[in-house]
Amino acid sequence: MKINRFLALPVMMAMTQFSLAQNAVSQEKLNPVVQNFVNEVNNNSQLETMAYELLDGIGPRLIGTPEMFAANEWTANKLKSWDIEASLQQFGTWKGWQRGITHVDMTFPRMKSLSATQLAWSPATKKAVEAEVVILPKVSSKAEFDEWMSSVKGKVVLMAQYQKIGRSDDQIKEFATPELYEKLKKEKEQASKEYQNYIKSIGYNNETLPEALEKAGVAGIAISNWTGIMGANRIFEAKTNNIPMFDIELEDYGMLYRMAENGAKPKIRIEVKSKILPEAKSFNTIGMIKGKEKPDEYVILSAHLDSWDGAQGATDNGTGVLTMLEAMRILKKYYPDNKRTIIVGLWGSEEQGLNGSRSFVADHPEIVKGVQAVFNQDNGTGRVVNIGGQGFVHAYDYLGKWLNAVPKNIKSQIKTDFPGTPGGGGSDHASFVAAGVPSFGLGSLNWGYFGYTWHTTKDTYDKIIFDEVKSNVILTATLAYMASEDPEFSNREKRAMPLDDKGQVTQWPEVKKAVRDFKDYK
């Protein structure tokens with residue numbers, strides 16, 4: 001290969017720097033057990049094989065679906081294949097449902113297949129339904145709106161806000177002049193405000209409006225829950241009991257909206273084939289490596305197994321599950337004389353309110369009182385870059401000590417915050433924090449998580465950066481090892497809570513009851 005002489009020196013310097021960095025990592029003197037973790041992850045990783053089996057093979061894992069139960073069984077069998085004790089622990093029941101095909105096509109004024117996804121737990125169509133598409137009327141009172149509703153029987157209603165521009169804010173900022181960017185930003189904010197005020201003026205909200213439309217006899221309800229990133233829509237649950245409710249990607253939704261607004265009377269054909277199934281049991285998958293010296297003290301590796309089902313749930317929270325499984329595998333292999341019991345908790349129904357982990361805390365007080373630490377990972381494929389003390393006064397003393405055993409190229413990426421503030425929700429470590437248990441969220445680098453993959457149609461296998469996940473496996477296994485080996489039991493003293501913006505003392509998060517039955521889910 002011919003090398004441009006003007007580029008040769010910088011390239012050679014960069015290669016030299018990279019080589020020196022690699023040598024520094026390889027020459028670092030690690031604890032022998034930790035070194036074994038590093039070698040195993042780098043030379044014999046099972047992450048991609050497991051990702052294929054879980055994400056491609058089983059797919060999304062919505063609570064109450066056969067796929068969720070299949071994921072429970074798969075994770076338990078995987079743990080057992082490594083000679084780790086594993087079981088499914090039931091904590092409740094949920095509405096049984098299974099996703100089928102979603103086919104939505106525009107049939108008038110021209111033919112076009114639309115990009116659409118049925119919402120979770122949505123009713124199916126008994127047969128394909130063809131209907132005119134209408135938009136919400138331009139009225140200013142509930143009386144006017146209710147009068148309009150007498151005309152919508154048998155039609156499909158577009159319920160979501162129309163988005164005039166389907167480009168991300170970052171792209172607009174990159175290419176627009178500063179003046180144009182500010183103008184478009186204000187227009188977008190104003191349009192959102194006007195839509196919210198409109199929904200209030202007609203006497204409904206996003207929860208009650210679908211119910212009212214269904215009662216009025218509409219054939220279906222379409223929304224477009226756009227993230228602000230081109231091509232990515234969020235998929236949550238339907239709010240209807242007998243008619244299909246589905247999401248249409250922004251571009252197709254906008255086209256239908258403009259046609260309806262301009263009097264073209266577009267028609268679409270809807271065929272959705274989901275199944276309502278008998279009530280399903282809800283499980284956590286629990287794996288356990290019994291401690292040899294202190295079996296009644298515990299280190300818990302935590303991740304939620306369930307997902308929403310607009311895609312595969314790869315980064316929410318397939319990557320967290322893969323991290324914890326791989327960490328358990330290498331702990332079992334290279335740390336045979338673990339002092340404390342090491343548990344992996346793969347929780348169900350996190351997406352509906354941390355239900356699996358809250359149930360575990362409520363159902364196992366004997367474990368909770370003996371927990372040394374919980375390590376939870378739940379926010380995407382990125383390497384861990386943030387760990388907070390969750391409000392425990394002495395968290396720095398033990399967590400800082402454990403982090404010192406982590407390879408420097410991993411530890412150097414992590415910012416810590418001590419004592420930090422207790423997490424009140426958001427992910428499963430909060431269930432343990434509320435109970436006064438030192439529990440730490442392993443906060444990952446974003447990699448577009450919240451805008452692009454979180455609960456969206458784009459949360460797929462190809463979004464995983466396996467090198468980053470490998471880093472998290474080494475970190476998690478090392479923290480678990482160090483927490484298990486520590487001669488001292490973790491201090492649980494809580495910080496004095498700060499004042500809120502009204503000058504009132506904030507409270508430590510309270511222990512909340514899990515929703516164990518779909519009928520109680522709101």
Side-chain angles (χ1 to χ4, degrees), residues 47-48 50-63 65 67-68 71 99-104 113-122 160-161 163 165-174 188 222-238 245-255 272 274 303-323 350-351 377-383 426-427 443-469 472:
L47 288 170
E48 293 190 39
M50 289 194 292
Y52 166 75
E53 292 173 359
L54 177 63
L55 304 176
D56 287 340
I58 296 173
R61 303 162 302 283
L62 181 70
I63 191 69
T65 63
E67 289 77 15
M68 180 62 198
R99 178 174 292 284
I101 62 168
T102 302
H103 285 172
V104 181
S113 291
L114 307 178
S115 184
T117 304
Q118 184 183 19
L119 300 185
W121 304 307
S122 168
Q161 177 188 343
Q163 301 287 344
I165 297 177
R167 294 184 181 275
S168 68
D169 184 71
D170 286 344
Q171 192 176 84
I172 295 172
K173 193 171 186 177
E174 179 181 358
K188 185 176 181 179
I223 64 169
S224 187
N225 192 357
W226 185 48
T227 65
I229 302 293
M230 289 183 286
N233 279 34
R234 301 199 199 283
I235 304 298
F236 294 113
E237 73 273 21
M245 189 169 180
F246 52 97
D247 183 279
I248 302 177
E249 282 195 12
L250 179 70
E251 296 83 354
D252 287 339
Y253 187 90
M255 176 190 66
V272 289
S274 58
H304 72 87
L305 180 57
D306 69 306
S307 71
W308 287 106
D309 74 331
Q312 295 167 306
T315 67
D316 186 22
N317 184 34
T319 44
V321 171
L322 296 171
T323 295
E350 186 269 356
E351 298 293 5
Q377 208 271 325
D378 180 25
N379 65 324
T381 189
R383 62 190 177 275
S427 193
S444 292
L445 193 65
N446 190 281
W447 278 94
Y449 176 71
F450 287 105
Y452 192 48
T453 62
W454 179 70
H455 299 167
T456 77
T457 50
K458 303 301 179 186
D459 193 8
T460 48
Y461 181 109
D462 55 288
K463 307 308 183 301
I464 298 175
I465 308 299
F466 284 99
D467 285 343
E468 299 273 76
V469 182
N472 295 344

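The structure presented is a predicted model; accordingly, all values stated were derived computationally and were not measured.
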Give a yes or no on whether the backbone of [Y] and the side-chain of [X] come within a donor-acceptor separation of less than 3.5 Å.
{"X": "D459", "Y": "A311", "answer": "no"}
{"X": "Q118", "Y": "W121", "answer": "no"}
{"X": "Y253", "Y": "W226", "answer": "no"}
{"X": "D252", "Y": "S115", "answer": "yes"}
{"X": "R61", "Y": "G313", "answer": "yes"}
{"X": "T381", "Y": "I465", "answer": "yes"}
{"X": "D316", "Y": "W454", "answer": "no"}

>> Taking side chain to side chain donor-acceptor pair (under 3.5 Å) as the definition, give me every residue that meets it alongside D378, ordered by chain and number, with sequence neighbours left out.
In response: H304, S427

Distance alone, cut at 3.5 Å: any donor-acceptor contact between the side chains of [X] and [Y]?
{"X": "N233", "Y": "T457", "value": "no"}
{"X": "T456", "Y": "T227", "value": "no"}
{"X": "Q163", "Y": "S224", "value": "no"}
{"X": "S168", "Y": "D170", "value": "no"}

> Looking only at heavy atoms, what is the nearest atom pair of G382 and N472, with distance?
Replying inline: O-ND2, 2.9 Å

Supply the atom-to-atom distance [X] [atom1] to [Y] [atom2], rounded to the nearest 0.5 angstrom.
{"X": "Q161", "Y": "K188", "atom1": "CD", "atom2": "NZ", "answer": "9.0 Å"}
{"X": "F450", "Y": "I229", "atom1": "CZ", "atom2": "CD1", "answer": "13.5 Å"}
{"X": "F246", "Y": "I235", "atom1": "CZ", "atom2": "CD1", "answer": "11.5 Å"}

> Taking T453 as the fixed residue, which of N446, T460, T315 is the one that meets the side chain to side chain donor-acceptor pair (under 3.5 Å) rule?
Replying inline: T315

